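What's counted below: heavy atoms across the whole structure, side chains too, no hydrogens, waters or symmetry copies. Quick caveat: nothing in here was measured; it's all calculated off a predicted structure. Proteins come first, then strands; the chains are lettered A, B, ... in the order of their sequence lines, and each starts at number 1.
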Amino acid sequence: MKSLPIVLMALLLACSAGAQAQTRLLDDRVTLSGFGTLGLIHSDQGHGDFVRDIGQPKGADKHWSARTDTRLGLQANVRLTDEIDGVVQGMSQYHSSGDFSPELMLAFVRYAPDPGFQLRVGRLGWDVDIISESRYVGYAYPWIRPPVDHFGMLQLTWIDGAEVTLTRPVGSDLAWARFFAGRSDSRFFMTDALQADLDAHNVVGGHLNYETGPWRLRAGYTQIHSDVSFSGADADLIGQLYSVNANRYLNYLTGFDELQVYSLGAAYSSGPLQLQAIWNRDILADGDTWLDTGFMSAAWRMESWTPYLLLSSVRTHDSREDPVGSNIDQHTWSLGLRYDVATNLALKTQFDRIHTRSPGLLWRSADDHLKGDQSNLVSLGLDFIF
Amino acid sequence: MTRFMRLTRVATVAMLVISTTARADIAIVINDASSIRQISHSEAVNIFMGRYRRLPNDSVALPIDQAPLKARFYKALVQKDMAEINSYWARLVFSGRASPPQQAGTYEDLVDIVTHNNNALGYVDATQMPAHMHVLLTLSE
């Protein structure tokens, strides 16, 4: 299964090279494009380092850092026939390998015989809620980064599998549904000395969508079954201290091996006003522990300027006494401004005020003083597409 | 002098009328050979914004952008400027969901494409209606 993206990419390139242009409209068979962000972040928090998501092994400390938000993506779209096309995308960002090594983000073939039916097979984006698929494309949204309280925890980057989308008009509205199944790999960091590797061998989900006028509404459900391996100095220590199998013990305590995600989302875009709100509930194995994450955002466009306000929150519900210190309770107010310099280039600045009652996994090098503390972040960003 | 002022006033009104007409309307057009006579505003949004590209006769719609008129067209269609339109497409393109309409660089290219494809939809300034095409929807600016 791991060789699937490579096979698909080779297939796409071979087909595109061999195919002959059929009509005037299909002359542009291959389209190359890209997106990127140059990001700078400054934190005033000395008791913990800020990360964009728990896949980042190191965070932004009390200085300026360009690591957290900077990325570059390149994409090729290949049209094979009127009904079949393919997409390959690679992206470089600071991620779980601890460097900017590029990752294959998309590599799929799409069969769309009809506007109401679409099948995609290969490496697909993680489409669990209304913007999760495009969360790396800074130019597509007003903010510096999608809210960390919501997108920082328990996210997969991609799935290798298949997906079906069915679309039907309802009067002047649109109703559509998508179902997907596949597998994924993921690594995230629980502390500086404890990492978890997820072999998500069974990812199944879907969502129902309704689009009416300026509104997009979505309700979704996904379940993920994984084999989780814990490693690092902390895992070794747990094994030695309690004379137990650290993997089995940590799996039992965290419940990361079985995850269910319920999601509700709404977006509104009309004239200068853009509103977005998403709420997710991530239920862990035993069903007694879950995370509620969500955000609300409002942006108002005035010529090239788009000021925005964002409120996000994450909270773990756990009937136990937080056995591995992974429970989170945090909310963030953000205020920012996007300035469109050109029609493919935007400058952004954002101020975040984070209230951390319990940092859980969302901070690196955190000490006890972070509990109950507030952090102020200033970010600058340059987003572009080409 | 009075006559001159009257002439000036008439000329001013005439120029206003002409300039208003020149920028007043954008017409979404299709090849005369197509059986489609009209589309609704929401169908036009679905087709050009990549949401649902089906024509009323059940065939697949092929929207074409005309570069010189693009900014005016999207302002009239969805009240958004080009940075907002590009931002919208960035979300769909880089998640591999949909592709924007094919781009015609000039009015002549657009006419050429729509003339040769019965399912192609283009847009033109209403004062520049090409031959052998009919109007599906008129957007006021």
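- Looking only at heavy-atom pairs under 4.5 Å with chain A, the residue among B/Ser87, B/Ala90, B/Ala61 that has the most is B/Ser87.
- Separating the NZ atom in B/Lys80 from the OG atom in A/Ser270 is a distance of 7.0 Å, to the nearest 0.5 Å.
- Distance alone, capped at 3.5 Å, places no donor-acceptor pair between the A/Ser134 side chain and the B/Ser95 backbone.
- Residues of residues 33-41 of chain B lying within less than 4.5 angstrom of chain A, judged on heavy atoms, are absent.
- Using a 4.5 Å heavy-atom cutoff, the side chains of A/Pro169 and B/Glu43 are not in contact.
- The contact between A/Ser33 and chain B is made by backbone and side chain atoms together, counting heavy-atom distances below 4.5 Å.
- The part of A/Gln118 that comes within reach of chain B is its side chain, from C-beta onward, which places non-hydrogen atoms under 4.5 angstrom from that chain.
- Looking at A/Asp383, neither its backbone nor its side chain comes within 4.5 Å of chain B, counting heavy atoms on both sides.
- Neither the backbone nor the side chain of A/Arg135 has a heavy atom closer than 4.5 Å to any heavy atom of chain B.
- Partners of B/Phe48 under the ring pair (Phe, Tyr, Trp, His ring centres under 6.0 Å) rule, at least two apart in sequence or in another chain, are B/Phe73, B/Tyr123.
- Side-chain N or O atoms of B/Asn86 include one that pairs as donor or acceptor with a backbone N or O of A/Thr343 at under 3.5 Å.
- Only the side chain of B/Asn46 has a heavy atom closer than 4.5 Å to any heavy atom of chain A.
- Proximity to chain A is absent for every atom of B/Ser59, based on heavy atoms less than 4.5 angstrom apart.
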Stepwise salt bridge (Lys or Arg N to Asp or Glu O under 4.0 Å) check, A/Glu163 with B/Arg97
CA-CA 12 Å; A/Glu163 155 206 286; B/Arg97 284 295 164 201; 2.9 Å; yes
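- Between B/Asp81 and A/Arg301, some side-chain heavy-atom pair lies under the 4.5 Å cut-off.
- Top candidate by heavy-atom pairs under 4.5 Å with chain A, chosen from B/Arg51, B/Met82, B/Gln79, is B/Arg51.
- Contact annotation: the side chain of A/Ile385 approaches that of B/Phe94 to within less than 4.5 Å [non-hydrogen atoms, C-beta and beyond].
- Under the 4.5 Å side-chain criterion, counting only non-hydrogen atoms from C-beta, B/Arg54 is in contact with A/Asp114.
- Side chain of A/Gln75 to backbone of B/Val93: a donor-acceptor contact under 3.5 angstrom is found.
- Looking only at heavy-atom pairs under 4.5 Å with chain B, the residue among A/Leu106, A/Asn344, A/Ile131, A/Thr165 that has the most is A/Leu106.
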